[in-house]
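This report refers to the structure that appears directly beneath it.
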Amino acid sequence: MAEKITPRSENYSQWYIDIVLQAKLADYAPVKGCMVIRPNGYALWEKMRDVLDGMFKETGHKNAYFPLLIPDSFLKREAEHVEGFSPELAVVTYGGGEELDEPLIIRPTSETIIWSMYKKWIQSYRDLPLLINQWANVVRWEKRTRLFLRTTEFLWQEGHTAHETADEAQEETLKMLFVYKKFAEEYMAIPVLAGEKTENEKFAGAVKTYTIEAMMQDRKALQAGTSHNLGQNFAKAFDVTFQTKDGTLDYVWATSWGVSTRLIGALIMTHSDDKGLILPPRLAPTEVVIIPIYKNKTKATVLEYCNRLYQSLRGKYSVVLDDDDQNTPGWKFSEWELQGIPLRIEVGPRDIEKEEVILARRDTGEKISVPSKSLEQRIGEILEDIQNNLFKRAATFKQENTHGIEAYEDFKRIIDSDGGFIQAPWCGSSECELRIKEETKATIRAIPISNNGDANGKKCLYCGEDAKFIATFAKSY
RNA sequence: CGGGCUGUAGCGCAGGGGCUAGCGCGCUCGGUUCGGGACCGAGAGGUCGGCGGUUCAAAUCCGCCCAGCCCGACCA
């Protein structure tokens, strides 16, 4: 008997860890805060990476690779940037057995080294826009780590773009935010809230930071991706200028944007249940598993049938035939459910006789009899239905746990009881934001991208002054 | 980094100064099984988290350290 997964109702954090370890997505590494991404987890990351990479290329970006080590002095060039990151830097001070003249930082993000290179590559408006992405690992020395959600080293992609005008940079920032939103919703089946971060929450060195925020099953928010408009901050720090069409010199306008292996944590905490992982079909490394059910005398027949089934499906779907005869069908059912495979085909003598098979859905547990003839088509339909159902389920949950509140008393009551997202009028001052955080632990996750006048006539829920925004508050990871 | 809990076989745990350190699951071999985590038989597997101390004797008592989890502060 395998270890049991702690039920969500008993201990949500432990449930999450149980899923990660038992579904063999990752394991703890010898170094504190680091994890090993196991084949199951890495296959998932590869799928996510491939889809995103395609979306980046479609929007005109090219991949490159910049080095892991960054001169200490580079980080210091942008004042806010160094202030934001210095507490969590890992620094190399020895190399080749000798103390280095200048310490080297293991990148926590690559703005500085990339902009030091952009200085060499950009002279004219003809060199713009420069649209580069890199897939890389980064290191941030976090105090408290959690598998996938916050690890000392993590994998991510970081896009770094350079533009001629402020408008173009802003357009790029939002374009990539919506690429992330599309990916989260259409592939991960995770509904997200897209919006802008407040001054307090924005990226160190950015003019504006935009975010997509997802709601986990415990109703806490998880920042799933960010896109930054860096203005001319890094261009000025690294002296990156270009000659405009009319011959003047100007600093280049910049963006950066990233998503990380944290998305795997978001995926788990959005869809999975007490039986284990649930993967959306569009990202599942294995979509279908075939489980033969036989007695000794029917073994040969069933296995042969399953083999034919496997051969006929493998061109169209990512399918596995579990013909291991060490485990019983029941054991296999549980094991594949634990690993989140969206669809299971059960084939026994009875089914073969009736010329049908049983399909079992991971999302609902429903078992469906399907005539063998129409199997290939039905699989496609059901996988699509699972994908849609997962999104709908998560969207309903998010909606049911999003509250519009105007009175601070109600705000506190909801944050302390059910939690969730709270949309409330806010005056725009950091002071109110920080007080609310102190008193309730809830932070502003995002404010609407355009001020559409929703806050007109409303009063800030904390200070009672005229509200400028309807902001979304939540406790977060 | 503060508060709490926990480290004994791969995993989950019991033992709590004395002679050969156990149990369940898993693992190996042989056989029977197989429609929701099968069963029988025979095996393998441990410097009891690490270092130091007390003692005739330490998994057990004491000190320090390390690791993991939970709750905070910091963050993708």
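Only this structure's heavy atoms are used, side chains among them; waters, hydrogens and symmetry mates stay out. Chain A is the first sequence line, chain B the second, and so forth, proteins listed ahead of strands; every chain is numbered from 1. Owing to the predicted nature of the structure, the values given are computational and were not obtained by experimental measurement.
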Is a side-chain donor-acceptor pair under 3.5 Å present for [Y] with [X]?
X       : Y       : result
E431(A) : S429(A) : no
D18(A)  : Q14(A)  : yes
E158(A) : S110(A) : yes

Interatomic distance at [atom1], [N] relative to [M], whole Å:
N       : M       : atom1 : result
rG63(B) : rC25(B) : C1'   : 37 Å
rC64(B) : rU54(B) : C1'   : 15 Å
rG15(B) : rU6(B)  : P     : 12 Å
rG43(B) : rC48(B) : C1'   : 23 Å
rG41(B) : rG24(B) : P     : 12 Å
rG53(B) : rG17(B) : C1'   : 15 Å
rG36(B) : rG22(B) : P     : 39 Å
rU55(B) : rG12(B) : P     : 37 Å

**OP:** Measure from the side-chain N and O atoms of R362(A) to the backbone N and O of I278(A), and report whether any donor-acceptor pair falls under 3.5 Å.
**Re:**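 Not at all, since once roles are kept as given, no pair shorter than 3.5 Å links the two residues.
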
Original post:
Reading nucleotides 67-72 of chain B from the 5' end, what letters show protein touch, with B for base, S for backbone sugar-phosphate only, - for no heavy atom under 4.0 Å?
Top reply: -SSSBB

Euclidean distance, atom [atom1] of residue [X] to atom [atom2] of [N] [Å, nearest integer]:
X       : N       : atom1 : atom2 : value
D324(A) : rC27(B) : CG    : C1'   : 14 Å
I290(A) : rG35(B) : CD1   : C1'   : 17 Å
N296(A) : rG35(B) : CG    : P     : 12 Å
L338(A) : rG36(B) : CG    : P     : 19 Å
D27(A)  : rC11(B) : CG    : P     : 9 Å
L21(A)  : rG10(B) : CG    : P     : 17 Å
W331(A) : rC25(B) : CH2   : P     : 15 Å
E335(A) : rA38(B) : CD    : P     : 12 Å

**OP:** Determine the interplanar angle of the F238(A) and F234(A) rings, folded into 0 to 90°, and report it as parallel if under 30°, tilted if 30 to 60°, perpendicular if over 60°.
**Re:**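 If you compare the ring of F238(A) with that of F234(A), the planes turn out parallel.
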
Original post:
Using 30° and 60° as the class limits, which term best fits the ring planes of W115(A) and Y118(A): parallel, tilted or perpendicular?
Top reply: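 The rings of W115(A) and Y118(A) stand perpendicular, inter-plane angle above 60°.
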
Please work out if [X] contacts a base, only the sugar-phosphate, or nothing of the nucleic acid, heavy-atom cut-off 4.0 Å.
X       : answer
E346(A) : base
T151(A) : base
P349(A) : base

Original post:
P280(A) pairs by side chain to side chain contact (heavy atoms under 4.5 Å, CB included) with which of L267(A), T270(A), I190(A), I386(A)?
Top reply: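 Considering L267(A), T270(A), I190(A), I386(A), a side chain to side chain contact (heavy atoms under 4.5 Å, CB included) with P280(A) is found only for L267(A).
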
Subject >> Polar side-chain contact D351(A)-rG35(B) base: donor and acceptor under 3.5 Å >> reply: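 Answer yes: a donor N or O sits under 3.5 Å from an acceptor.
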
Original post:
Could one point to a donor on the side chain of E337(A) or the base of rG36(B) with an acceptor on the other under 3.5 Å away?
Top reply: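 Per atom types, the contact qualifies.
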
Subject >> Closest-nucleotide 5' rank along RNA chain B - winner of T328(A) and P87(A) >> reply: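 Upstream on the strand: T328(A).
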
Subject >> Position toward the 5' end of RNA chain B (nearest nucleotide), P329(A) or F154(A) >> reply: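 Nearest-nucleotide comparison on RNA chain B picks P329(A).
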
**OP:** Run the salt-bridge test on E356(A) and K354(A) with the 4.0 Å N-O cut-off and return the result as yes or no.
**Re:**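 Salt bridge flag = yes for K354(A) with E356(A).
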
Original post:
Do Y317(A) and Y310(A) make the cut of ring centroids closer than 6.0 angstrom?
Top reply: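 Distance test on ring centres: not under 6.0 Å, no.
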
Original post:
Between R77(A) and F74(A), is NZ or CZ placed under 6.0 angstrom from the six-membered ring centre and within 45° of the ring axis?
Top reply: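 Output yes; distance and angle both within limits.
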
Subject >> W257(A) side chain reached by E172(A) side chain, heavy atoms, under 4.5 Å >> reply: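 Yes, side chains in contact.
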
Original post:
Given rC74(B), rG37(B), rC34(B), which nucleotide is nearest the side-chain atoms of K295(A)?
Top reply: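 For K295(A), the side-chain atoms sit closest to rC34(B).
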
Subject >> Nucleotide-level pairing of RNA chain B, given in dot-bracket where Watson-Crick and G-U pairs need both distances under 3.5 Å and | marks other strands >> reply: ((((((((.[[[[.)..(...]]]].((((((.....)))))).....[[[[[..)....]]]]])))))))....

